[in-house]
Amino acid sequence: MEDKFLMDGHKLFWHIDRVNDWLNGKPIAPLHIDLGITTGCNIGCSYCYGILQGRTGKSKRFDMPEKALLNLIKDAKEVGVRSIAFDGEGENTLNPALYPALNMAKQINLDVGIATNGTLIQKDKVDDMLSALTWMRFNISAATPDSYVKIHRAKEFDNVVSNIRLCSEKKTKHKTTIGMQMVLVKDNFSDIIPLSKLGKELGVDYLVIKPCSDDPDKNLDSPTDEYIEFNDILNEAESYSDGDYNVVVKWNKMNNLGLKKFDVCYGTRFVINISGDGSVFPCGHFFNRFKNAFKMGNVIETSFAEIVKSDKYLEVQQKIEKINVNKECETNCRQYYISNFLWTLKNPPEHVNFV
């Protein structure tokens, strides 16, 4: 089935104006922000990159203040950001400021989505949330209560399934895409088919299956070399797709077993990260690394518009381009698709006129 959401790829083709500005050396604002509004989380997923960095957990909670968050939303729209995903290192539904932020985004016509573990959805606020969201994605990487405990280290399976069902029932009214995301680790390959079936039963629009992103030292023990061994099972999972339900396997990342195909990361020019404590980084991988050498500013202290226009912002972006992407970056990173595309644009083959 067709990947109608283009999850195993990128969408820069529809933002050629910004790409051309970058190619021509003009300063650009990012197209997209991956935003965290809390550093806290109520569960402890085995594959969590935030926990690996020591930034996320039940004892690490700091909520971005509502005033700073609302100012960020407005600033982002004004400087040219076209979308924000509330999918930071913590569980963003913990922060009560989420709801006024979503309302603000709706008022100014800014596309927003949210990734959530789904355990804390307030049923009386579902309609308000969905009316503001382009999409809502539930991070669920297990298909049974026992497996959920093993993978997510919580006993919330039935609660999450109930919340997914509720949002799926309301999605048509609000034209919101409802999805599920499965991160493959060594302990949940047996959940692939049951979860594919469960997504269809719950009425979601898609289930995306992706590899686990790991740090350069493989501290999460991502089963990189094992993914290809499960091709038949992953193909079967995709067979449950139909006109209303899409199972999407991120094959490009799943088969990314060797070195990255690009030498320089240009993706952070177009997608940046903001942590739950307000810190602005080119990439979530650099949270708490190199003594904040890659921190561009903090939206609680300085307006986002000022940060994007600052010398520090450009300095950090240029510093990123000197990073060895195969030694100092995480595997299967957020910017993988667009960096590969931008690298190709910057390094064209010979005889380009022979199309």
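Counting begins at 1 with the first residue of the sequence. Please read these numbers as outputs of a predicted model, since none were measured by experiment.
- Residues that satisfy the side chain to side chain contact (heavy atoms under 4.5 Å, CB included) test with Thr302, not counting sequence neighbours, are Glu306, Ile307.
- Every side chain to side chain contact (heavy atoms under 4.5 Å, CB included) that Phe13 has, sequence neighbours left out, goes to His10, Phe341.
- Side chain of Thr39 to main chain of Phe62: a donor-acceptor pair is present (N/O by atom type, distance under 3.5 Å, no hydrogens or angles).
- Contact detail for Ser141 and His152: the closest heavy-atom pair is N-NE2, 2.9 Å.
- To the nearest 0.5 Å, atoms CG (Asn273) and CZ (Phe286) are separated by 11.0 Å.
- Between Leu166 and Lys170 there is a side-chain heavy-atom pair separated by less than 4.5 Å.
- Qualifying side chain to side chain contact (heavy atoms under 4.5 Å, CB included) partners for Ser339, counting only residues two or more places apart in sequence or in other chains: Phe262, Cys265, Gln335.
- Side chain of Asp128 to main chain of Lys125: no donor-acceptor pair is present (N/O by atom type, distance under 3.5 Å, no hydrogens or angles).
- For residues 102-113, the side-chain hydrogen bond (donor to acceptor under 3.5 Å, both in side chains) pairs, not counting sequence neighbours, are Lys106-Ser131.
- A distance of 12.0 Å separates OH of Tyr240 from CG of Leu195, quoted to the nearest 0.5 Å.
- For the residue pair Thr116/Glu91, the side-chain donor-acceptor check at 3.5 Å is satisfied.
- Lys309 NZ: 12 or fewer foreign heavy atoms inside a 6.0 Å radius.
- Without hydrogens or angle criteria, Asp21 side chain to Ile28 main chain gives no donor-acceptor distance under 3.5 Å.
- Judged purely by distance below 3.5 Å, without hydrogens or angles, the side chains of Asn139 and Asp87 never pair a donor atom with an acceptor atom.
- Among residues two or more places apart in sequence or in another chain, the side chain to side chain contact (heavy atoms under 4.5 Å, CB included) test is passed with Ser190 by none.
- Looking only at distances, no side-chain donor or acceptor of Asn324 sits under 3.5 Å from a matching main-chain atom of Glu328.
- Within the structure, the ring pair (Phe, Tyr, Trp, His ring centres under 6.0 Å) test picks out the following pairs touching residues 18-40 (sequence neighbours left out): Trp22-Tyr266, Trp22-Phe270.
- Checked by atom type and distance alone, the side chain of Lys260 pairs as donor or acceptor with a backbone atom of Val325 at under 3.5 Å.
- The shortest non-hydrogen separation linking Trp251 to Asn235 is CZ2-OD1, 3.6 Å.
- Sorted by first and then second residue, the pairs that involve residues 194-210 and meet side-chain hydrogen bond (donor to acceptor under 3.5 Å, both in side chains), not counting sequence neighbours, are Arg165-Glu201, Lys171-Asp205, Lys200-Asp242.
- A distance of 8.5 Å separates SG in Cys45 from CZ in Arg153, rounded to the nearest 0.5 Å.
- Under the rule for a salt bridge (charged side-chain N to carboxylate O under 4.0 Å, His left out), Asp232 has no partner lying at least two apart in sequence or in another chain.
- The number of heavy atoms from other shown groups lying within 6.0 Å of CG (Asn24) is above 12.
- Side chain of Thr268 to backbone of Cys283: no donor-acceptor contact under 3.5 angstrom is found.
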> Would Ile274 and Met64 count as a side-chain contact (heavy atoms from CB on, under 4.5 Å) if you check the C-alpha gap in whole Å, the side-chain angles of each, and the deciding distance to 0.1 Å?
Replying inline: CA-CA 11 Å; Ile274 299 180; Met64 187 182 296; 4.2 Å; yes
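- Applying the salt bridge (charged side-chain N to carboxylate O under 4.0 Å, His left out) test to every pair with at least one member in residues 6-20, sequence neighbours left out, gives these pairs: Asp17-Arg82.
- To the nearest 0.5 Å, atom CG of residue Leu70 and atom CG of residue Asp75 are 11.0 Å apart.
- Within the structure, every pair that satisfies the salt bridge (charged side-chain N to carboxylate O under 4.0 Å, His left out) test and touches residues 63-72, not counting sequence neighbours, is listed here: Arg61-Asp63.
- The aromatic rings of Phe230 and Phe189 lie parallel to each other, their planes meeting at an angle below 30°, with 60° marking the opposite boundary.
- Distance alone, capped at 3.5 Å, is enough to place a donor-acceptor pair between the Ser241 side chain and the Val247 backbone.
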For residues 172-179, tabulate all N or O donor-acceptor pairs below 3.5 Å that involve a side-chain atom, not counting sequence neighbours.
| from | atom 1 | to | atom 2 | distance (Å) |
| --- | --- | --- | --- | --- |
| His174 | NE2 | Asp127 | OD1 | 2.7 |
| Thr176 | OG1 | Leu130 | O | 2.7 |
| Thr176 | OG1 | Leu133 | O | 3.3 |
| Thr176 | OG1 | His174 | O | 3.4 |

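- Applying the side chain to side chain donor-acceptor pair (under 3.5 Å) criterion to Lys155, with sequence neighbours excluded, gives no partner residue.
- Scanning both residues, Leu94 and Pro96, for their nearest heavy atoms gives O-CD, 3.3 Å.
- Contact detail for Ile192 and Ala237: the closest heavy-atom pair is CG2-CB, 3.8 Å.
- Nearest approach of Leu102 to Ala132, heavy atoms of both residues: O-CB, 3.4 Å.
- A donor atom on one side chain and an acceptor atom on the other are found under 3.5 Å apart for Ser147 and Asp191.
- Side-chain contact between Lys319 and Phe294 is present, with at least one heavy-atom pair separated by less than 4.5 Å.
- In this structure, Asn246 and Met7 have side chains that are not in contact, with every pair of non-hydrogen atoms separated by 4.5 Å or more.
- How far CD1 of Ile209 is from CG of Leu234: 6.0 Å, rounded to the nearest 0.5 Å.
- More than 12 heavy atoms of other residues, nucleotides or ligands lie within 6.0 Å of NZ in Lys123, so this atom counts as buried by the packing criterion.
- Side-chain atoms of Asn163 come within 3.5 Å of backbone N or O of Gly118 as a donor-acceptor pair.
- Ring to ring, Phe281 and Phe287 are close: their centroids are under 6.0 angstrom apart.
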> Stepwise, does the side-chain hydrogen bond (donor to acceptor under 3.5 Å, both in side chains) test hold for Asp277 with Ser275?
Replying inline: CA-CA 5 Å; Asp277 66 8; Ser275 168; 3.2 Å; yes
> Are Asp187 and Ser46 close enough, and set up right, to give a side-chain hydrogen bond (donor to acceptor under 3.5 Å, both in side chains), and what steps lead you there?
Replying inline: CA-CA 10 Å; Asp187 294 326; Ser46 62; 5.9 Å; no
